[in-house]
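Following: one structure in structure tokens, then a few remarks.
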Amino acid sequence: MPILLFLIDTSASMNQRTDLGTSYLDIAKGAVELFLKLRARDPASRGDRYMLVTYDEPPYCIKAGWKENHATFMSELKNLQASGLTTLGQALRSSFDLLNLNRLISGIDNYGQGRNPFFLEPSILITITDGNKLTSTASVQEELHLPLNSPLPGSELTKEPFRWDQRLFALVLRLPGVASTEPEQLGSVPTDESAITQMCEVTGGRSYCVRTQRMLNQCLESLVQKVQSGVVINFEKTGPDPLPIGEDGLMDLCRPSNSFGVPPWHSCHKLIYVRPNSKTGVPVGHWPIPESFWPEQNLPSLPPRTSHPVVRFSCVDCEPMVIDKLPFDKYELEPSPLTQYILERKSPHTCWQVFVTSSGKYNELGYPFGYLKASTTLTCVNLFVMPYNYPVLLPLLDDLFKVHKLKPNLKWRQAFDSYLKTLPPYYLLPLKKALRMMGAPNLISDNLDCGLSYSVISYLKKLSQQVVLVKTNKQKSFALRSAFPYSLV
């Protein structure tokens, strides 16, 4: 169920008028309404949730949140007025806090236990602003700063205010007040040069510099296509570049590789699509992406994680491994310089292994947890997520079924126990589940240890209870504001 949060600039400068006599605020309202009409063409939009936030002081900035229905959203949108300051940083912080309100209760972020792409709450934040200087009661600011302190319990567990399934897009209105005599430029809409652009790109989104109504309509069409179920990942190359491949698909040792600058495919910040199951309508998966630390029983607290995991890929060609009945997860990568590079190599029968640094106990890079591979038809690149250190596990399981017929000898058991020692503890439960599906339910003990200390488990539980209280207070505050809109409550 995608969440679409509209953050509308309600600063006084939004009263400025275009050459048609329409205020920027009215254009923003019309843009939201048009977006909803365009989105309604997709049957999947029936599950959408809409939220509305403004540049007012919190908590008054939240006009439609988790509890408000679509009619309230439309009514609040219609009644917006432009009269305040351009407090973009505070408004963004309030928007992310609103989106993150339920996450600790649902356990969706799974702190310290690996990141599950299939457990997500895809959110698109669309801010509509005039891109004017950022202001506060104290000063005019050149740079965008989000308040560091959040009232939301548990916000210190993630370094950034956003999460990997939340992307920010900005429509920056630059429509002239006087009709232009220049012919309108056709083509793609450029990014804006205001402070919001960098923040958009960091989340995996982008900004649009909107100079005409036609451009605005074009942007809205583009944004509707961005409503995708997925999570953003940083893909980073580790180790040497692969050898160039010639026209015949064979290694070309004579062709020099480009040695000028860092090729863009070395580092890509892109979405992986998490498709819903065709029968249930919700994503299904088996394996996490590992944490960038090894969970110890004596760890007093969890290290804060980055919003987007850094997944390192090695360019050594490997054979893609799968065995019968062992589940794996497959995610298509959003097109990028990395996917283009892999597809141009025309090598659909080899793969590149992926790692998360510091995920293992015994080596810095960690062990492979999956691989990147071009589809057989060379139309896309997929990330296959497997059990941790799968190159060791899969041959063991193959022997268990084909050689030992589910009656392993002592040597096999010792090899399996050695493998388990390389496994982060949070992989034990999904592995036990997978083995049960394969018909080998007793290989792993029932007394599973998640690897987190008692103090960390207690802290996460306490945070969940605190969030329930914060949520209740926010709802009371909203109810009072609705009842007495002009009071100081």
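When reading the values below, keep in mind they use all heavy atoms of this one structure, side chains included, and skip hydrogens, waters and symmetry mates.
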For this session: Not counting sequence neighbours, list each pair that qualifies as a side chain to side chain donor-acceptor pair (under 3.5 Å) and has a residue in residues 194-204.
Result: Asp192-Ser194, Thr197-Ser207

For this session: Test Asn69 against Thr72 for side chain to side chain donor-acceptor pair (under 3.5 Å), laying out the working first.
Result: CA-CA 5 Å; Asn69 59 23; Thr72 304; 2.9 Å; yes

Exercise. If you look at every heavy atom in Gly112 and Leu452, which pair is closest and at what distance?
Worked result: O-CD2, 3.8 Å

For this session: For Arg275, check salt bridge (charged side-chain N to carboxylate O under 4.0 Å, His left out) against everything at least two apart and list the hits.
Result: Glu332

For this session: Quick one: list whatever passes salt bridge (charged side-chain N to carboxylate O under 4.0 Å, His left out) with Asp130, sequence neighbours left out.
Result: none

Exercise. Is it true that a side-chain atom of Gln113 and a backbone atom of Asn110 form a donor plus acceptor pair closer than 3.5 Å?
Worked result: no

Exercise. CD1 of Ile62 to OG of Ser95: how many Å apart, nearest 0.5 Å?
Worked result: 8.0 Å

Problem set entry | Where Met14 and Ala28 come nearest, the two heavy atoms and their spacing | CE-CB, 4.2 Å

Exercise. Counting heavy atoms not belonging to Gln228, are there more than 12 under 6.0 Å from its CD?
Worked result: yes

Exercise. Ser229 side chain to Val274 main-chain N or O, any donor-acceptor pair under 3.5 Å?
Worked result: yes

Exercise. Do Pro337 and Cys268 have side chains that get closer than 4.5 Å, going by heavy atoms?
Worked result: yes

Problem set entry | Glu296 atom CD, over 12 foreign heavy atoms within 6.0 Å | yes

For this session: Measure the shortest side-chain to side-chain distance between Leu104 and Gln466 over non-hydrogen atoms and say whether it is less than 4.5 angstrom.
Result: no

For this session: Tell me, please, which residues at least two apart from Arg39 pass side-chain hydrogen bond (donor to acceptor under 3.5 Å, both in side chains).
Result: Asp42, Asp48

Problem set entry | Val231 and Tyr331: CA distance, side-chain angles, deciding distance, side-chain contact (heavy atoms from CB on, under 4.5 Å) verdict | CA-CA 10 Å; Val231 294; Tyr331 305 104; over 6 Å; no

Exercise. So how far is it from Tyr208 OH to Ser188 OG, rounded to the nearest 0.5 Å?
Worked result: 10.5 Å

Exercise. Is there a donor-acceptor pair closer than 3.5 Å between any side-chain N or O of Ser75 and the backbone N or O of Ala71?
Worked result: no

Exercise. Does Trp287 reach the main-chain N or O of Pro327 with its side chain, forming a donor-acceptor pair under 3.5 Å?
Worked result: yes

Problem set entry | Flag if over 12 foreign heavy atoms under 6.0 Å of CZ, Arg211 | no

For this session: Using the side-chain contact (heavy atoms from CB on, under 4.5 Å) rule, take Phe118 and His286 through it: C-alpha gap first, then chi angles, then the decisive distance, then the call.
Result: CA-CA 8 Å; Phe118 48 88; His286 303 89; 5.8 Å; no

Problem set entry | salt bridge (charged side-chain N to carboxylate O under 4.0 Å, His left out) involving Lys237 - partner list, sequence neighbours excluded | Asp241

Can you give each donor-acceptor pair under 3.5 Å made by side-chain atoms of residues 119-127, sequence neighbours left out, with the distance rounded to 0.1 Å?
from   : atom 1 : to     : atom 2 : distance (Å)
Ser123 : OG     : Glu121 : O      : 2.9
Thr127 : OG1    : Leu7   : O      : 3.0

For this session: Check whether any side-chain heavy atom of Thr18 sits under 4.5 Å from a side-chain heavy atom of Gln213, and report yes or no.
Result: no

Exercise. What distance separates Lys37 NZ from Ser45 OG, expressed to the nearest 0.5 Å?
Worked result: 14.5 Å

Problem set entry | Side-chain (Asn277) to main-chain (Lys279) donor-acceptor, under 3.5 angstrom | yes

Exercise. Looking at Asp165, Leu152, Val467, which hits side chain to side chain contact (heavy atoms under 4.5 Å, CB included) with Arg103?
Worked result: Asp165

For this session: Using a cut-off of 6.0 Å, state whether more than 12 heavy atoms not belonging to Gln81 lie near its atom CD.
Result: no

Problem set entry | CD1-OG1 distance between Ile196 and Thr191, expressed to the nearest 0.5 angstrom | 12.5 Å

For this session: Verify, without hydrogens or angle tests, whether His269 (side chain) and Val232 (backbone) share a donor-acceptor contact under 3.5 angstrom.
Result: no

For this session: For Arg41, check salt bridge (charged side-chain N to carboxylate O under 4.0 Å, His left out) against everything at least two apart and list the hits.
Result: Glu221

Exercise. Can you check side-chain contact (heavy atoms from CB on, under 4.5 Å) on Trp265 and Phe235, steps first, answer last?
Worked result: CA-CA 9 Å; Trp265 64 268; Phe235 289 99; over 6 Å; no

Seminar exercise, completed: All heavy atoms of Ser359 vs all of Trp294, minimum pair found to be O-CE3, 3.4 Å

Problem set entry | ring-ring contact (aromatic ring centres under 6.0 Å, His included) partners of Tyr427, counting only residues at least two apart | Tyr388

Exercise. Checking Glu68 side chain against Gly65 main chain: does a donor-acceptor pair fall under 3.5 Å?
Worked result: yes

Exercise. Can you tell if the side chain of Leu20 reaches within under 4.5 Å of the side chain of Leu175, non-hydrogen atoms only?
Worked result: no

For this session: With sequence neighbours left out, write down each residue that passes side-chain hydrogen bond (donor to acceptor under 3.5 Å, both in side chains) with Tyr111, or none if nothing qualifies.
Result: Thr158

Exercise. Between Ser453 and Leu299, is there a donor-acceptor pair closer than 3.5 Å when you use the side chain of the first and the backbone of the second?
Worked result: yes

Exercise. With side chains defined as the heavy atoms from C-beta onward, is the minimum distance between Ile8 and Leu25 less than 4.5 Å?
Worked result: yes

For this session: With the side chain counted from C-beta on, respond yes when Tyr426 and Pro290 share a heavy-atom pair under 4.5 Å apart, and no when they do not.
Result: yes

Exercise. With Phe35, which of Phe169, Phe6, Tyr50 fulfils ring pair (Phe, Tyr, Trp, His ring centres under 6.0 Å)?
Worked result: Phe6

Contacts under 3.5 angstrom, residues 300-311 side chains, donor-acceptor by atom type, not counting sequence neighbours:
from   : atom 1 : to     : atom 2 : distance (Å)
Arg305 : NH1    : Asp109 : O      : 2.8
Arg305 : NH2    : Asp109 : O      : 3.3
Arg305 : NH2    : Glu291 : OE1    : 3.4
Arg305 : NH2    : Glu291 : OE2    : 2.5
Thr306 : OG1    : His308 : O      : 3.0
Ser307 : OG     : Glu160 : OE1    : 2.9
Ser307 : OG     : Phe162 : O      : 2.5

Problem set entry | Trace of the side-chain contact (heavy atoms from CB on, under 4.5 Å) decision for Tyr454 with Ser458 | CA-CA 6 Å; Tyr454 175 75; Ser458 301; 3.4 Å; yes

Exercise. Are any non-hydrogen side-chain atoms of Asn382 and Ser375 less than 4.5 angstrom apart?
Worked result: yes

Seminar exercise, completed: Residues passing the side-chain hydrogen bond (donor to acceptor under 3.5 Å, both in side chains) test with Trp352, sequence neighbours excluded, are Asp317

Problem set entry | Any donor-acceptor pair under 3.5 Å from Ser222 side chain to Gln218 backbone | no

Problem set entry | Backbone N/O of Leu80 and side chain of Lys63: donor-acceptor pair under 3.5 Å | no

For this session: State the CD1-CG distance between Ile233 and Leu333, to the nearest 0.5 angstrom.
Result: 7.5 Å

Exercise. Can you name the side-chain hydrogen bond (donor to acceptor under 3.5 Å, both in side chains) partners of Thr357, sequence neighbours left out?
Worked result: Arg312

